[in-house]
Each structure stands twice: as C-alpha cells, then as structure tokens.
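When a ligand or atom number is given, it counts from 1 through the structure's own listing order. Basis for what follows: all heavy atoms, side chains included, without hydrogens, waters or symmetry-related copies.
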Amino acid sequence: MVKLNSGAILILSGPSGCGKSTLLKELYKNIDSYYFSISTTTRAPRVGEENGVDYFFVSKEEFEAGIQKGEFLEYAQVHNNYYGTSLKPIIKALEENKLVIFDIDVQGHDLVRKSQLNKYVTSVFITTPSLKILEQRLTSRATDATDIIQKRIVNSKTEINSIDLYDYVLINDNLEEASLKLISIAKVAMLKTSLFDKDNIIATWMAN
Ligand code: ADP
Ligand code: 5GP
C-alpha cells in the first residue's frame, strides 16, 4: 500500500504521580506500532528502574556534553535535575510510521511545540482529580523521599497552569476509564491532517 501519512508524536505531561507511567502500560497493550522516547536524565534511578528502559541515566557532565553536541530535541531542568529527549531515534521512529510517545514536562512540551516537529504533535495534560489525591499517590507509590515528594507537590502547582496549552485534558480518577480515553486519543493522534501528504493522497485517489 502507498504510504500516505507519517508517524505521529503523542506528548503526555502532568504532575509527577498523576499516573502517566501507569496509563502508558495500559496504552501499550492496546496499540500496535509505537516507540516510547526514552529520555536522558541526571536524576538517580528509582528502585526497579533500568538504564536504557525507563531512562538513560547519565552524569551532569555527560548530559552537558550532549547539549553541546546538539543531541537533544529539547531538554529542561525539572526538580533540580536535567531531563532531555534525543532527536535521532525520534526521526527514525516517525519515518517508520510509529506513534512516538513522550513523557515530558510542560517546559519540554513548549519547546517541542516551537520546534520543526510541531506538526506531528498531539498533546495530553494528565492530572489527578485533586492536589490531595496527588499527594496521596506520591506517598503511597513510596519511591521518593519526603523532601523530594514535597518538591514535586510544589512544582505541580505551577505545572497545572499550563493545562490550557494542551490538546486534551485527562483527569486520571478511575484508571480503567482514563485508560480508555487515552487509547482513543492515541488512535486519533495518528489521523491528524498535518501528518498526511495531500498531493500523494489526491494522486493515489485519482489513479484508483
Ligand atoms: P507518574 O508516572 O505520572 O509519575 P505513576 O504512574 O507512577 O505516575 O502513578 C503514581 C502512583 O499512583 C502509582 O503508585 C500508581 O499505581 C498510582 N495510580 C495511577 N493511576 C491511578 C488511579 N487511577 N487510581 C489510583 N491510583 C493510581
Ligand atoms: P520523574 O523524575 O518523575 O521520572 O520525571 C519528572 C518529570 O520530568 C516529569 O514531569 C516528566 O514528564 C519529566 N520528564 C521526563 N523526561 C523528560 C524529558 O526528556 N524532557 C523534559 N522536558 N521533561 C521530562
């Protein structure tokens, strides 16, 4: 079949603890051709996190060398650590018609929106029904020390102000319902008009 459209980018942002990783696990069971953009970070791995799976864990010096070499599509400092998205694997996955999934913060979303890849982007802001529930989830996840949880809570109050810059808002209350909504968004993300080559569509349509 003639290739009419490219891959797409799905950006998920939202306060740490809102459920992005949990929702992504459900999404992966329900979509075929995707590529999760593994970010590079200077933060320490949490228990159970693997290098090259959850993140590429590097030193501050290595990260800054990557900045100098222009390796990142975007990068930002979040909760006092660097986080960044490498450009090369993204381009490859888009060429392979995949849905490229980013779990990045609001600064990263803003930068990708301003980049040459904007036409591929559909974005979702995910949050809990309340600040109190966010705090409960971060506490019961039990992966971070109390001071780190507090830093994430403080940051969430700023992040929530960017909610209207996103295409979709997803309140992650009931996990099953929120998962179904995210699956729908991921499916329509692949149908954005800007992913299609108009001339090619018309030529194919005329010829058949
Ligand atoms: P994030 O990736 O956004 O930091 P996680 O996916 O790690 O968040 O979720 C934070 C915690 O909240 C985890 O312990 C997870 O099991 C729990 N969680 C996620 N979604 C829900 C939900 N809808 N209801 C209750 N708990 C949830
Ligand atoms: P965590 O430390 O909880 O894994 O992530 C903290 C925050 O960093 C989250 O808001 C997450 O979306 C964001 N983040 C993860 N990777 C990237 C990235 O490559 N770029 C940017 N800008 N933010 C990221």
Side-chain angles (χ1 to χ4, degrees), residues 9-28 35-58 63 66-67 71-90 100-115 117 121 123-145 147-163 165-166 170-182:
I9 293 175
L10 181 66
I11 299 183
L12 308 188
S13 301
S16 183
C18 70
K20 298 180 293 294
S21 315
T22 308
L23 286 164
L24 277 177
K25 282 189 198 131
E26 294 304 311
L27 180 63
Y28 298 154
Y35 168 76
F36 176 68
S37 165
I38 304 168
S39 297
T40 302
T41 184
T42 57
R43 99 152 149 70
R46 293 187 184 123
V47 175
E49 282 185 334
E50 274 180 62
N51 190 33
V53 176
D54 302 283
Y55 282 104
F56 294 109
F57 296 99
V58 299
F63 196 100
I67 298 174
E71 284 173 6
F72 296 115
L73 164 65
E74 63 75 34
Y75 68 91
Q77 287 213 21
V78 191
H79 317 128
N80 296 344
N81 285 302
Y82 278 124
Y83 292 83
T85 306
S86 297
L87 182 58
K88 260 196 207 157
I90 307 302
V100 185
I101 300 168
F102 291 3
D103 172 347
I104 59 175
D105 86 321
V106 296
Q107 304 170 76
H109 171 256
D110 196 39
L111 291 166
V112 179
R113 285 288 189 194
K114 288 177 180 145
S115 79
L117 297 187
V121 174
S123 65
V124 194
F125 191 93
I126 303 175
T127 186
T128 49
S130 67
L131 180 60
K132 199 178 276 173
I133 292 176
L134 181 69
E135 209 160 352
Q136 284 166 3
R137 287 197 192 158
L138 280 172
T139 310
S140 62
R141 186 171 70 182
T143 51
D144 300 295
D147 59 325
I148 292 181
I149 290 181
Q150 277 319 310
K151 207 175 274 173
R152 283 159 192 262
I153 298 285
V154 169
N155 207 35
S156 72
K157 294 180 197 170
T158 309
E159 287 173 306
I160 195 90
N161 283 297
S162 297
I163 203 163
L165 303 177
Y166 286 72
L170 189 50
I171 313 280
N172 177 20
D173 188 357
N174 176 291
L175 183 60
E176 202 182 327
E177 278 174 26
S179 297
L180 287 174
K181 286 178 188 165
L182 186 61

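- Nearest protein neighbour of atom 3 (O) of ligand 2, counting heavy atoms only, is Arg152 NH1, 2.7 Å.
- For atom 6 (C) of ligand 2, the candidate residues are Tyr75, Phe102, Tyr82, Tyr83; the nearest heavy-atom contact is made by Tyr83.
- Shown are Ile148, Asn80, Asn81; of these, the side chain to side chain contact (heavy atoms under 4.5 Å, CB included) with Arg43 is made only by Asn81.
- Considering OG of Ser16 and CG of Leu134, their distance stands at 7.5 Å, rounded to 0.5 Å.
- In this structure, atom 19 (O) of ligand 2 lies nearest to the protein heavy atom Ser39 OG, 2.7 Å.
- Taking CD1 of Ile126 as the reference point, atom CG of Asp103 lies at 8.0 Å (rounded to 0.5 Å).
- Among protein heavy atoms, the minimum distance from atom 2 (O) of ligand 1 is reached at Ser21 OG, 2.6 Å.
- Atom 23 (N) of ligand 2 has as its closest protein heavy atom Asp105 N, 3.0 Å.
- Summary of contacts: the protein heavy atom closest to atom 7 (C) of ligand 2 is Val78 CG1, 3.8 Å.
- No N or O atom of Ser140 sits closer than 3.5 Å to an N or O atom of ligand 1.
- In this structure, Cys18 is part of the shell of residues with a heavy atom less than 4.0 angstrom from ligand 1.
- Using modelled atom types, no side-chain atom of Glu74 and backbone atom of His109 make a donor-acceptor pair closer than 3.5 Å.
- Across Glu177, Gln136, Arg137, heavy-atom proximity to atom 21 (C) of ligand 1 is greatest for Arg137.
- At a threshold of 4.5 Å between non-hydrogen side-chain atoms, the residues Leu138 and Arg152 count as touching.
- Not one N or O of Arg141 is nearer than 3.5 Å to an N or O of ligand 2, by distance alone.
- Those atoms of ligand 2 with a heavy atom of Gly108 less than 4.0 angstrom away are 22 (N).
- Rounding to the nearest 0.5 angstrom, the gap separating the CG atom in Leu27 from the CG atom in Leu180 is 11.0 Å.
- Residue contact check: Asp173 has heavy atoms under 4.0 Å from atoms 22 (C), 23 (N), 24 (N) of ligand 1.
- The main-chain N or O of Lys88 is never found under 3.5 Å from a side-chain atom of Ser86 such that the two would form a donor-acceptor pair.
- Of the heavy atoms in Gln107, none comes closer than 4.0 Å to ligand 2.
- At least one N or O atom of Arg43 sits closer than 3.5 Å to an N or O atom of ligand 2.
- Taking CG from Leu111 and CG from Leu73, the interatomic distance works out to 8.0 Å, rounded to the nearest 0.5 Å.
- For ligand 2, the atoms closer than 4.0 angstrom to any heavy atom of Ser16 are 3 (O).
- On a distance-only criterion, Glu74 and ligand 2 share at least one N/O pair closer than 3.5 Å.
- Inter-residue side-chain proximity for Phe56 and Asn51 is flagged as met; some heavy-atom pair is nearer than 4.5 Å.
- At the top of the distance list for atom 8 (O) of ligand 1, counting protein heavy atoms only, stands Gly19 N, 3.1 Å.
- Annotation: side chain of Leu175 is in contact with side chain of Leu23 (closest heavy-atom distance under 4.5 Å).
- Heavy-atom contacts of Ser16 reach the following atoms of ligand 1: 4 (O) (cutoff under 4.0 Å).
- Note on ligand 2: His109 sits outside its first shell, no heavy atom being nearer than 4.0 Å.
- Contact between Gly17 and ligand 1 is present, with at least one heavy atom of the residue lying under 4.0 Å from the ligand.
- Ligand 2 does not have Ser13 within reach: every non-hydrogen atom of the residue lies 4.0 Å or more from it.
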* Stepwise salt bridge (charged side-chain N to carboxylate O under 4.0 Å, His left out) test for Asp110 and Lys114 -> CA-CA 6 Å; Asp110 196 39; Lys114 288 177 180 145; 3.0 Å; yes
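- Thr85 contributes atom OG1, which lies 5.0 Å from atom CD1 of Ile104 (distance to the nearest 0.5 angstrom).
- The neighbour count for Phe125 CZ, taken as heavy atoms of other residues, nucleotides or ligands under 6.0 Å away, is above 12.
- A distance-only check finds a donor-acceptor pair linking the side chain of Asn172 to the backbone of Cys18 [under 3.5 Å].
- Taking only non-hydrogen atoms, the option from Leu12, Leu73, Asp103, Asp110 nearest to atom 14 (N) of ligand 2 is Asp103.
- The N/O atoms of Thr85, backbone and side chain alike, include one that comes under 3.5 Å of an N/O atom in ligand 2.
- Annotation for ligand 2: atoms under 4.0 Å from non-hydrogen atoms of Ala76 are 22 (N).
- The OG atom of Ser179 sits 11.5 Å away from the NZ atom of Lys25 when rounded to the nearest 0.5 Å.
- Proximity of Arg46 to ligand 2, defined as any heavy-atom pair under 4.0 Å, is confined to the side chain (atoms from C-beta onward).
- Near Arg141, with a cut-off below 4.0 Å to any heavy atom, the atoms of ligand 1 are 1 (P), 4 (O), 5 (P), 7 (O), 8 (O), 10 (C), 14 (O).
- The distance from ligand 2 to the heavy atoms of His79 drops below 4.0 Å at these ligand atoms: 6 (C).
- Using bins of under 30°, 30° to 60° and over 60° for the plane-to-plane angle, the ring pair Phe72/Phe63 lands in the parallel bin.
- Nearest protein neighbour of atom 19 (C) of ligand 1, counting heavy atoms only, is Thr22 OG1, 3.6 Å.
- At distances below 3.5 Å, at least one donor-acceptor pair connects side-chain atoms of Thr42 with backbone N or O atoms of Tyr82.
- At a 4.0 Å cut-off, not a single heavy atom of Thr128 sits close enough to ligand 1 to count as contact.
- When heavy-atom distances to ligand 2 are checked against a 4.0 Å cut-off, Tyr55 comes that close only through its side chain, counted from C-beta outward.
- Looking at heavy atoms from C-beta onward, Thr127 lies in side-chain contact with Ile171 at the 4.5 angstrom threshold.
- With hydrogens left out, the protein atom closest to atom 20 (N) of ligand 1 is Asn172 ND2, 3.0 Å, a heavy atom.
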